[in-house]
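A short worksheet on the structure shown next.
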Amino acid sequence: MSNKNQQQKATKKGRPLGFDPDKAMETAMNVFWEKGYDGASLDDLLHATNISKSSFYNSYGNKSNLFELCLDLFCEKQIAMLEQGLKEMPNGRDFIEKFLRELVEGVRLDKPHFGCFIMNTAHEFAGRDQHISQLVSNSTLVFNKIMQRAIKNGQDAGVITREKDPESLAYYVMSSIAGLRLMISAQVHPDQLDAIIDVTLAALD
């Protein structure tokens, strides 16, 4: 049974919920994203979502189940955002550049930066939880497929080189995104981040 089915089954038992499950899930996701699994205490989650301990256990079972649900939610939101962004841009290269530039624009606007929830989870659970590691791996494959579509789109439009394999280019762009997020966390100057993006985009030419 999937985590979502477990949640749906749990929420059907007993009295109606006294809170908005979608809002609570979104809030819990942001807590885990900012603090990580180990750093987010049960009290942190209860306080942020404003639900009781009994409602928490009745709805989610335990912290681990909630974390998986939040990871799924983050992936779904990221996939939807990427899919929509790809549809709205004239070609795949413009989509990739816009995505990269917006990361740096967030720095210039001094927006909070917690890195990527998926990559944060990969680092936190590395070598200690095969199930979570598999969830991260599955998500990475999905993101790579979307990035491959963007690259193939750009190749068809004549704005990305056809001499390089789309899958390899997709992983290269993803690794650049991960590196940019790391540099942002290290408070590297935005102008230097722009220079990194320029090098990344040059690999598509």
Side-chain angles (χ1 to χ4, degrees), residues 1-85 99 102-140 142-143 177-188 190:
M1 182 183 295
S2 70
N3 285 326
K4 289 183 180 179
N5 289 336
Q6 288 175 349
Q7 183 194 23
Q8 291 171 352
K9 182 178 179 180
T11 54
K12 290 178 181 179
K13 294 180 179 179
R15 294 176 295 179
L17 293 175
F19 63 93
D20 183 337
D22 292 333
K23 184 177 179 181
M25 185 75 66
E26 181 96 16
T27 300
M29 180 192 76
N30 288 327
V31 173
F32 281 128
W33 188 0
E34 178 181 359
K35 297 188 174 186
Y37 180 81
D38 291 336
S41 68
L42 179 58
D43 285 342
D44 290 332
L45 294 165
L46 295 178
H47 177 74
T49 57
N50 196 30
I51 62 178
S52 67
K53 186 177 292 187
S54 60
S55 293
F56 176 90
Y57 285 117
N58 286 335
S59 298
Y60 306 114
N62 55 44
K63 178 182 168 183
S64 178
N65 287 341
L66 176 59
F67 182 79
E68 288 189 35
L69 289 168
C70 290
L71 191 61
D72 285 344
L73 176 61
F74 180 85
C75 292
E76 289 174 2
K77 291 171 71 68
Q78 289 295 301
I79 290 168
M81 179 191 72
L82 292 172
E83 294 277 10
Q84 186 61 35
F99 185 91
E102 285 182 346
L103 290 176
V104 180
E105 186 62 20
V107 177
R108 289 196 165 94
L109 295 175
D110 201 26
K111 291 183 178 180
H113 178 75
F114 305 127
C116 172
F117 187 18
I118 297 170
M119 291 299 98
N120 293 349
T121 299
H123 290 303
E124 184 173 10
F125 283 85
R128 89 182 213 197
D129 191 309
Q130 185 60 39
H131 177 61
I132 294 294
S133 295
Q134 189 61 54
L135 292 178
V136 170
S137 178
N138 292 343
S139 299
T140 301
V142 174
F143 294 144
I177 292 170
L180 275 173
R181 292 188 186 279
L182 180 61
M183 294 296 99
I184 291 171
S185 297
Q187 299 184 332
V188 171

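Since the structure is predicted, the reported quantities are computational estimates derived from the model, not experimental observations.
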Are there more than 12 heavy atoms of other residues, nucleotides or ligands under 6.0 Å from atom [atom1] of [X]?
| X | atom1 | result |
| --- | --- | --- |
| Lys63 | NZ | yes |
| Asn50 | CG | no |
| Gln84 | CD | yes |

Next item on the list: Can you measure from CZ (Phe74) to CD (Glu26) and round to the nearest 0.5 angstrom?
Entry: 10.5 Å

Note to self: To the nearest 0.5 Å, what is the distance between CD1 on Ile51 and CG on Leu45?
What the structure shows: 8.5 Å

Margin query: Under the rule for side chain to side chain donor-acceptor pair (under 3.5 Å), what residues qualify as partners of Glu102, not counting sequence neighbours?
Written below: Lys98

Note to self: Could you work out, with side chain to side chain donor-acceptor pair (under 3.5 Å) as the rule, every residue matching Ser52, not counting sequence neighbours?
What the structure shows: Ser54, Ser55

Test salt bridge (charged side-chain N to carboxylate O under 4.0 Å, His left out) applied to [X] - qualifying residues, sequence neighbours left out:
| X | result |
| --- | --- |
| Lys23 | none |
| Glu34 | none |
| Lys53 | none |

Notebook entry, point to check: Taking all non-hydrogen atoms of both residues, which atom of Thr27 and which atom of Ala48 are closest, and how far apart?
Noted result: CG2-O, 3.4 Å

Checklist line | Heavy-atom pair of closest approach, residues Trp33 and Phe117 | finding: NE1-N, 3.4 Å

Those residues that, when tested against [X], pass side chain to side chain contact (heavy atoms under 4.5 Å, CB included) (two or more places apart):
| X | value |
| --- | --- |
| Ser137 | Gln134 |
| His47 | none |
| Leu182 | none |
| Ala24 | Phe19, Thr49, Tyr60 |

Check: Which residue pairs pass the salt bridge (charged side-chain N to carboxylate O under 4.0 Å, His left out) test when at least one of the two sits in residues 117-137, sequence neighbours left out?
Finding: Asp38-Arg128

I'd like a table of donor-acceptor pairs (distance under 3.5 Å, sequence neighbours excluded) in which one partner is a side-chain atom from residues 105-116, with atom names and distances.
{"residue": "Arg108", "atom": "NH1", "partner": "Asp194", "partner atom": "OD2", "Å": "3.1"}
{"residue": "Arg108", "atom": "NH2", "partner": "Asp191", "partner atom": "OD1", "Å": "2.9"}
{"residue": "Arg108", "atom": "NH2", "partner": "Asp194", "partner atom": "OD2", "Å": "2.9"}
{"residue": "His113", "atom": "NE2", "partner": "Gly115", "partner atom": "N", "Å": "3.4"}
{"residue": "His113", "atom": "NE2", "partner": "Arg181", "partner atom": "O", "Å": "3.2"}

Note to self: Just to verify, what does Phe143 make a ring pair (Phe, Tyr, Trp, His ring centres under 6.0 Å) with, not counting sequence neighbours?
What the structure shows: none

Item checked: Side-chain donor-acceptor contact under 3.5 Å, Asp44 with Ser41 -> yes

